Structures are given as structure tokens and as C-alpha cells.
**Q** 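Please see the structure below; I have some questions.
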Amino acid sequence: MTKQENEERIKRLKSIVANMPEKPGSYQYYDDQGVIIYVGKAKSLKSRCSSYFHTEVDRFKTKVLVSKIHDITYTVVNSEEDALLLENSLIKKYKPRYNVLLKDGKTYPSICVTNEYFPRIFKTRTINKKWGTYFGPYSHISTMYAVLEIINKLYKPRTCRLPLTKEGVETGKFKPCLEYHIHNCDAPCIGKQSYEEYQENMRQAREILKGNTRSITKWLFDEMQKKAEELKFEEAEALKTRYLLLSNYCSKSEVVSHTINNVDVFSITNDENQAYINYIHVTNGSINQAFTFEYKKKLNETEEELLQLGIVEIRQRFRSNSREIIVPFEMHLEMENVTFTIPQRGDKKTLLDLSEMNGKQYKFDRLKQAEKLNPEQKQTRLMKELQQALKLDKMPYQIECFDNSNISGTDAVAGCVVFKGMKPSKKDYRKYNIKTVVGPDDYASMQEVVRRRYTRMMEEETPLPDLIITDGGKGQMEVVREVVEDELHLQIPIAGLAKNDRHRTNELLFGFPPVVIGMKTDSELFHVLTRIQDEVHRYAITFHRDKRSKHALHSELDDIKGIGPKTRDELLKKMKSVKKIKEASKEELTAIIGNSKAEIIWNHFHPDNQLNI
């Protein structure tokens with residue numbers, strides 16, 4: 001598209017917008033193929049659509065959307081709520097490219113109570129209101145099965161598919177099945193259970209499915225007392241069994257005050273590309289619906305915009321008619337016969353906190369699942385976190401860390417470990433024997449190693465690290481900076497991990513002069529950084545230990561002219577130590593290594609005897 005053609009396109013679109021009414025409604029944007037690419041809603045169509053064509057629009061994604069628009073249509077409605085409903089309907093129908101999309105496309109099961117002469121109760125994913133009354137849908141299958149289980153135990157609804165009729169039962173057309181004989185059904189098919197009793201059971205079952213468990217519990221208790229007073233103890237015992245079963249079920253499902261009735265709770269958790277909206281429905285103090293929906297963001301939508309869309313869509317899906325909706329912040333949305341509540345304390349605040357906790361947990365679980373399937377995603381996330389924390393120009397892909405090790409300046413060594421993509425790159429680890437420093441001077445040793453490391457890397461033109469981490473505080477950082485920046489003139493960021501009085505790493509330092517970077521010590525990123533620190537410490541200590549061991553193994557036998565490693569090893573194998581070799585007689589040595597070599601060793605350890613001879 002030429003510049004002139006684009007200017008004409010913008011001019012034509014602005015003309016359409018200028019003629020829009022200042023009324024609520026839904027608008028649709030089309031691309032050059034006539035395909036709907038975005039559906040929006042507005043309290044004022046003209047004002048909302050005009051905002052897309054302002055020169056000061058700074059959202060990159062919005063600019064991309066505007067560059068694709070070739071036509072605009074709109075629909076006027078009576079209220080903002082109707083506009084939101086229409087927007088939701090059109091998004092579902094056309095699935096526009098630039099709209100927020102619900103990533104969950106599942107059909108959740110419901111519980112059906114049929115309209116038959118003797119109703120059946122069962123789970124189903126098919127909704128046909130001609131068959132009966134539906135309760136749900138249930139996002140948690142375990143919750144649905146728990147409800148079905150309590151209903152089956154309390155009321156024993158029939159499970160057979162026989163076309164039971166009044167005439168058929170009266171004429172003895174049916175026979176009892178196995179369910180009757182194992183006491184899972186009271187056989188209404190042969191008149192063992194009356195029609196009136198069965199219908200009363202179904203009425204109570206419907207109340208439980210609606211969440212009205214307290215009214216049924218009270219009714220069962222009153223009936224139990226009544227039967228006991230009438231001395232009908234068997235019937236009272238049966239009612240008592242039902243009462244205890246239902247009370248136990250209520251105690252497990254109730255989480256808040258039973259005064260909260262028919263309330264929806266919504267909360268939202270965000271990240272860069274996804275939004276997680278948690279929904280909880282409460283009836284009589286019991287949570288009977290709870291689920292988290294994941295939305296894929298497209299145009300940097302605000303939390304309020306996302307939550308508005310989620311409220312309408314989720315309430316439609318779960319067929320909620322609650323008059324009160326609990327939300328975490330003020331909603332600039334008016335819905336007929338609906339009140340929005342932002343609780344500050346009490347049971348409603350407890351519910352909102354529970355919703356937010358579930359949303360965050362869902363986000364965490366999704367992140368862990370994605371990282372398990374794609375480990376590189378976790379590494380990239382941690383590198384981005386470190387980049388943001390230190391305000392680096394680029395992600396620290398290659399990180400190097402140094403540490404010294406010596407005992408009173410003897411056998412002084414140093415180690416350098418390299419992490420690439422937050423994982424150890426062991427082939428790039430390097431060991432250094434300290435050459436120019438005499439005595440236990442950690443700062444001078446560190447400078448020698450850093451100088452040797454990066455001078456060689458510059459000469460060989462190998463990639464320099466994106467970040468250097470010192471195993472120490474401000475002092476270590478400063479001596480490294482003197483070499484890297486002042487001597488070698490390299491611009492490599494330098495960080496330090498400092499320990500507290502208990503010798504536990506508790507601070508990340510960065511900058512010049514170094515400052516403490518605010519980071520929780522129990523965070524995943526801090527654990528990775530301390531792992532780097534532990535790794536370089538382990539590497540340097542191991543190298544130092546190996547060097548000491550070799551030094552210790554260098555015995556006097558190695559200094560005896562004419563005695564080689566083979567003879568030395570043979571003697572040590574037999575006699576275990578140099579001390580025992582010193583104390584051994586010439587005959588004992590001869591028996592192991594022969595006369596001539598035994599003579600050399602015996603003379604070396606007994607020079608006085610040799611002189612006397």
C-alpha cells in the first residue's frame with residue numbers, strides 16, 4: 001500500500017467514525033478481505049472508535065491493528081451491559097484475530113433430573129431442556145461426583161432406563177433388578193416405594209443440587225424428632241442416617257458464613273501475554289462452582305477490560321443469575337439488577353482472597369507445566385528477571401563467577417565457572433594456579449586470575465561474558481572492576497553475592513559504587529544465583545584439595561635417585577606408609593624390590609649407618 005493509498009484509507013475510516021452516534025454499542029473492524037479482525041464495545045461508539053485514530057496512540061499493538069483496518073460497522077444497543085453481551089457473542093462467533101480469546105473450549109458436565117414419572121438423576125454433557133432440569137455445569141468433576149454420591153446414598157434414585165408409567169406399575173409390568181436386591185434402589189417399579197415418597201425425595205435432591213442443603217438438613221432433623229415422638233423408631237433411624245450423611249457433606253463443603261447466598265466472586269491475575277480469571281459461585285455459604293479461565297491477551301488490554309469480558313462470558317457459561325458480584329476493584333460497568341461489591345473485610349473479603357489465591361495458583365501451575373515441557377522457557381524467564389533486576393542492556397546469557405582457595409597462602413588456586421542460559425557449562429570451567437602472589441592475599445589473587453582470564457579471551461577473540469559475579473562483597477567487586485574496566489577497558493557488568501554474620505548469602509550487590517538489589521532470598525532467581533556461588537566454591541575447593549593431595553603424596557621416595565614410580569608404588573602397596581619403609585630392615589626391603597634397590601633406599605634413610613660402615 002502506497003503512502004497516498006494509506007492516507008485515503010485513514011481519511012475514509014475517520015469519516016465513518018465521525019458519523020457514529022454517541023450511544024452504547026458494539027463495533028467491528030474488517031481487513032482488506034472483509035474478515036472481522038476485531039470486535040469492541042463502548043459506552044459511546046464515536047468517542048471509543050475515535051481514540052484508535054489519534055496520532056498520539058503509543059501502543060504498538062494498537063498501531064498494528066489500525067494499519068489492518070479497511071472498514072468499520074457498528075450496532076447500537078440500549079445499555080453498556082447489552083453492548084458487552086453483544087461483543088461477547090460476536091467474539092465467540094467470529095473469533096477475531098486481535099480480540100482476547102478464551103483458551104478453554106471445554107464442555108463441562110451437568111447433572112440432569114429428568115421429567116419422567118419416576119425421575120432419574122445422572123451426569124451429562126448434552127443439554128436438552130425437554131428431557132428435564134439441569135444443574136451445573138460443574139468445572140470440578142470431583143465436586144459433581146460428591147454431590148451425586150450424597151444424593152444416591154440419601155434418596156436412592158433409580159438408575160434403570162425403563163419407561164416407568166403409573167399404569168405399568170399398577171399392572172405389574174416390571175420386575176425389580178439387581179439394584180433393588182443390593183439395596184441401591186427401593187423398587188418404585190413394583191410399588192415397593194410409593195410415588196409420593198419418591199417425588200418428595202426428588203424434591204429434596206433438587207434442593208441439594210441448588211445448594212440449599214441447610215433447609216433440607218433442618219427438615220430431616222424435624223422429621224426425625226417427629227417420628228421419634230410418634231415412637232416410629234425405625235423411620236426415625238433412617239432419617240437420622242440421612243441427617244448425619246448430609247451434615248457431614250455440608251461440613252466438608254462449607255467454607256464461609258451461611259448468610260452469604262447466591263453470590264459470584266471474580267478475581268484476575270495477569271502476566272505479559274495471559275490473563276487468568278478465577279470464578280467462584282457461593283450458595284448458602286457453600287462453594288458449588290469454582291474454576292479459573294485463561295485468556296490470551298492481544299492488545300495490552302487493561303485488567304478492567306479483561307474482567308468485564310470474563311464476567312459476562314463466565315456467567316453465561318455457568319447460567320448464573322446472582323444479583324451480587326464480588327470483585328477486587330471498582331468496575332465501570334452497569335448491569336441490570338446486579339450490584340458490584342469490593343469487600344474490605346469479613347467473609348466476603350475471605351472469599352475474594354480465596355479466589356485470588358486460586359487464580360495465582362493456577363497461573364503458577366500453568367507456568368510450571370510449560371517449563372516442564374519446555375525447559376528453555378524457564379531459563380529465559382530467569383534471565384529476563386535478572387536483566388530487569390540489574391537493569392542490564394541485554395539478557396545475561398553467559399555468566400562467569402570466580403573464587404580463590406588456599407591455606408595460609410600455600411597451594412593457592414582459583415576457579416572460574418561458566419553458566420550459559422542459567423545452566424552450568426562445565427566444558428568452559430577453568431582452573432588457575434596462582435603464580436604472582438605470595439602469601440594469603442585474596443584480592444591480589446583475584447586480580448591475577450581475572451587479568452589472565454580476560455586478557456587471553458581478548459587475544460583469542462572468544463565471546464566475553466554478559467555478567468561477572470564475584471563470591472564476595474564490595475571489596476571483591478572493586479578489585480575485579482579495577483582490572484576489567486580500568487586496566488582492560490572492558491564494559492562487563494559486575495555483581496557480587498555478600499554473606500551475613502552467619503556466613504549465609506543474603507544480598508545481591510551491583511553497580512558502582514555497589515548497592516543492594518532488592519530481591520527476596522527465597523525467590524527462584526536468588527536460589528539460582530546462590531547455586532552459581534556454591535558451584536564456584538565447590539570447584540575451587542576441589543581443585544585446591546586435589547593439589548594438596550598431590551603435594552602430600554609426593555613422598556621422600558620421589559626424591560631418591562634411582563627409585564622410580566613403579567618401585568615407589570610397590571613399596572607403598574606392601575608397607576602402607578613411608579614411616580614403615582624407614583623402619584624396615586634391609587632384608588625386608590630386599591624381599592619386596594630386590595637387593596640393589598633395597599640397598600639404595602636403606603642407605604638413603606640410614607646415612608649415619610652408611611658413614612659408620
Side-chain angles (χ1 to χ4, degrees), residues 109-126 128 131-138 140-213 215-217 219-228 230-253 286 288:
S110 298
I111 294 176
C112 176
V113 181
T114 64
N115 293 330
E116 296 169 285
Y117 182 67
F118 287 108
R120 291 178 296 132
I121 301 178
F122 56 88
K123 70 177 181 71
T124 179
R125 292 180 188 268
T126 305
N128 187 337
W131 296 351
T133 306
Y134 293 84
F135 300 88
Y138 289 87
H140 286 89
I141 306 300
S142 57
T143 303
M144 181 191 68
Y145 281 124
V147 174
L148 283 174
E149 182 182 10
I150 191 66
I151 288 174
N152 288 332
K153 284 183 178 179
L154 288 173
Y155 305 115
K156 300 181 180 179
R158 71 185 184 99
T159 56
C160 64
R161 298 189 179 185
L162 296 174
L164 300 183
T165 61
K166 182 179 180 181
E167 294 77 14
V169 173
E170 290 176 349
T171 57
K173 180 180 178 180
F174 306 103
K175 292 183 179 179
C177 62
L178 179 63
E179 291 297 306
Y180 166 70
H181 295 292
I182 61 176
H183 308 293
N184 286 341
C185 177
D186 290 333
C189 57
I190 58 172
K192 288 285 186 179
Q193 184 179 25
S194 70
Y195 174 80
E196 291 74 17
E197 182 185 352
Y198 194 93
Q199 290 297 335
E200 174 59 28
N201 286 350
M202 291 302 100
R203 184 193 69 79
Q204 294 180 22
R206 289 188 184 94
E207 290 300 310
I208 291 174
L209 290 169
K210 291 176 185 177
N212 299 330
T213 51
S215 60
I216 298 302
T217 305
W219 183 88
L220 286 171
F221 183 80
D222 293 341
E223 282 294 303
M224 177 181 68
Q225 297 284 57
K226 182 180 176 183
K227 295 296 181 184
E230 294 174 358
L231 304 182
K232 297 179 180 178
F233 297 117
E234 289 186 5
E235 293 179 32
E237 182 63 26
L239 288 167
K240 179 184 176 183
T241 302
R242 289 187 180 185
Y243 171 78
L244 293 175
L245 281 170
L246 193 56
S247 298
N248 183 52
Y249 170 77
C250 292
S251 66
K252 289 180 179 178
S253 63
S286 298
N288 57 14

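Computed from a predicted model, the values in this text were never measured in an experiment.
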**Q** So which heavy atom on I121 is nearest to which on M202, and how close?
**A**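 Of all heavy-atom pairs spanning I121 and M202, the closest is CD1-SD, 3.8 Å.
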**Q** Got a second to check how far C185's SG is from Y198's OH, nearest 0.5 Å?
**A**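 It comes to 6.5 Å.
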**Q** Testing the basics here: between V113 and P119, what is the closest heavy-atom pair and its distance to 0.1 Å?
**A**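 Smallest heavy-atom distance, with atoms named: CG1-CB, 4.2 Å.
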**Q** Can you list the steps and then say if T124 with Y134 is a side chain to side chain contact (heavy atoms under 4.5 Å, CB included)?
**A** CA-CA 9 Å; T124 179; Y134 293 84; 3.7 Å; yes
**Q** More than 12 heavy atoms of other residues, nucleotides or ligands under 6.0 Å from CD of E230: is that the case?
**A**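 It does: E230 CD has more than 12 such atoms within range.
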**Q** Any sub-3.5 Å donor-acceptor pair from Q199's side-chain atoms to Y117's backbone N or O?
**A**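 Checking the backbone N and O of Y117 against the side chain of Q199, a donor-acceptor pair under 3.5 Å is found.
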**Q** With rounding to the nearest 0.5 Å, note down the distance linking CZ in F122 to CD1 in I111.
**A**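 F122 CZ to I111 CD1: 11.0 Å, rounded to 0.5 Å.
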**Q** Could you tell me which residues satisfy salt bridge (Lys or Arg N to Asp or Glu O under 4.0 Å) with K227, sequence neighbours excluded, listed by chain and number?
**A**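 In terms of salt bridge (Lys or Arg N to Asp or Glu O under 4.0 Å), with neighbours along the sequence ignored, K227 is linked to E235.
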**Q** Measure the CZ-OG distance between R125 and S110 for me, rounded to the nearest 0.5 Å.
**A**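 If I round to the nearest 0.5 Å, the distance is 9.5 Å.
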**Q** Could you tabulate the donor-acceptor pairs under 3.5 Å formed by side-chain atoms of residues 171-182, not counting sequence neighbours?
**A**
residue	atom	partner	partner atom	Å
T171	OG1	E167	O	2.8
T171	OG1	G168	O	3.3
E179	OE1	N184	ND2	3.3

**Q** Could you go through N201 and Q193, starting from their C-alpha distance and side-chain angles, then the distance that decides it, and tell me whether this counts as side chain to side chain contact (heavy atoms under 4.5 Å, CB included)?
**A** CA-CA 11 Å; N201 286 350; Q193 184 179 25; 3.2 Å; yes
**Q** Please give me the minimum heavy-atom distance between G132 and C112, naming the atom from each residue.
**A**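 Closest heavy-atom pair between G132 and C112: CA-SG, 4.4 Å.
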**Q** Please determine whether side chain to side chain contact (heavy atoms under 4.5 Å, CB included) holds for the pair R120 and T114, giving the CA-CA distance in whole Å, both sets of side-chain angles, and the decisive distance to 0.1 Å.
**A** CA-CA 5 Å; R120 291 178 296 132; T114 64; 4.0 Å; yes
**Q** Donor-acceptor pairs under 3.5 angstrom involving side-chain atoms of residues 147-161: please list them, not counting sequence neighbours.
**A**
residue	atom	partner	partner atom	Å
E149	OE2	K153	NZ	3.4
N152	ND2	L148	O	3.1
Y155	OH	Q204	OE1	2.8
K156	NZ	H183	O	3.1
R158	NE	F118	O	2.7
R158	NH1	C160	O	3.0
R158	NH1	L162	O	3.1
R158	NH2	E116	OE2	3.3
R158	NH2	F118	O	3.2
R158	NH2	L162	O	3.4

**Q** Roughly how far apart are W219 CH2 and R203 CZ, rounded to 0.5 Å?
**A**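 So the gap between those two atoms works out to 7.0 Å.
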**Q** As an exercise, state the distance from CD of E197 to NZ of K192, rounded to the nearest 0.5 Å.
**A**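 The CD atom of E197 sits 13.0 Å away from the NZ atom of K192.
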